[in-house]
Amino acid sequence: MACRIGELVLECREPERLAEFWCEVLDFVVLDRPGDGSIEIGARDGFGGSQPTIILSPRDELSSVATPRLHLDLNATDRDQAAELDRLLAAGARPADVGQSGEEEWHVLQDPEGNIFCLLRARIAPVG
């Protein structure tokens with residue numbers, strides 16, 4: 001089995017404004033406000049449901065082209081995080097340092113071309 005996209009993370013200046021816009025465009029609802037200024041929006045069946053959720057993450061200064069404003073958060077669907085991390089590294093992913101503390105429950109990785117993505121701890125069911 002493969003990973004499944006659980007979340008798309010978009011850095012933005014105005015999470016509230018973008019949440020309102022994307023909820024209208026996609027018929028999404030606000031699912032969570034974690035307390036760090038970010039907003040999670042998604043389909044009414046929520047995280048792990050029919051579609052990936054979108055995390056609108058506040059940033060005063062948006063990233064440059066070298067560090068994209070959008071990255072994927074992946075979830076393992078049929079194994080634990082450690083086994084999936086081993087599989088992704090064997091497939092060519094590499095650890096990436098974006099300033100994380102080391103206490104996070106996720107792993108920050110990059111694909112063979114340097115695009116950043118995260119492997120989350122929670123497992124979600126495969127689609128279909």
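Note that the coordinates shown come from a computational prediction; the quantities given were computed from them, not determined experimentally.
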Extract all donor-acceptor atom pairs below 3.5 Å that involve side chains of residues 18-31 and protein atoms in other chains or at least two apart in sequence.
from: D27; atom 1: OD1; to: R44; atom 2: NH2; distance (Å): 2.9

With sequence neighbours excluded, what pairs up with E14 under the side-chain hydrogen bond (donor to acceptor under 3.5 Å, both in side chains) test?
->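 None.
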
Could you list the residues that satisfy side-chain hydrogen bond (donor to acceptor under 3.5 Å, both in side chains) with D45, not counting sequence neighbours?
->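 Partners of D45 by the side-chain hydrogen bond (donor to acceptor under 3.5 Å, both in side chains) criterion, ordered by chain and then number, come out as S50.
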
Please answer whether the main-chain N or O of S101 pairs with a side-chain N or O of E104 as donor and acceptor at a distance below 3.5 Å.
->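 The answer is yes, because a donor-acceptor pair under 3.5 Å joins these two groups.
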
Is there a donor-acceptor contact under 3.5 Å from the side chain of Q100 to the main chain of A96?
->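 Pair found, side chain donor or acceptor close to backbone of A96.
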
Go through the steps for L72 and V9 under the test side chain to side chain contact (heavy atoms under 4.5 Å, CB included), then give the verdict.
-> CA-CA 6 Å; L72 303 177; V9 180; over 6 Å; no

Test log, rule side chain to side chain contact (heavy atoms under 4.5 Å, CB included), inputs C118 and H107 = CA-CA 5 Å; C118 295; H107 295 276; over 6 Å; no

What pairs of residues pass the side chain to side chain donor-acceptor pair (under 3.5 Å) test when at least one of them lies in residues 29-41, not counting sequence neighbours?
->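 For residues 29-41, and leaving out neighbouring residues, the side chain to side chain donor-acceptor pair (under 3.5 Å) pairs sorted by first residue read E16-R33, D36-S38, E40-T53.
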
How far apart are the C-alpha atoms of L56 and E11, what are their side-chain angles, what is the distance that settles it, and do they pass the side chain to side chain contact (heavy atoms under 4.5 Å, CB included) test?
-> CA-CA 6 Å; L56 302 163; E11 293 179 349; over 6 Å; no

Could you tell me whether R94 atom CZ has more than 12 heavy atoms of other residues or ligands within 6.0 Å of it?
->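 Check passes, neighbour count above 12.
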
Step by step, would you call D73 with L8 a side chain to side chain contact (heavy atoms under 4.5 Å, CB included)?
-> CA-CA 6 Å; D73 282 349; L8 302 170; over 6 Å; no

Can you sort out the partners of P52 under side-chain contact (heavy atoms from CB on, under 4.5 Å), two or more places apart, ordered by chain and number?
->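 Result, side-chain contact (heavy atoms from CB on, under 4.5 Å) vs P52: I5.
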
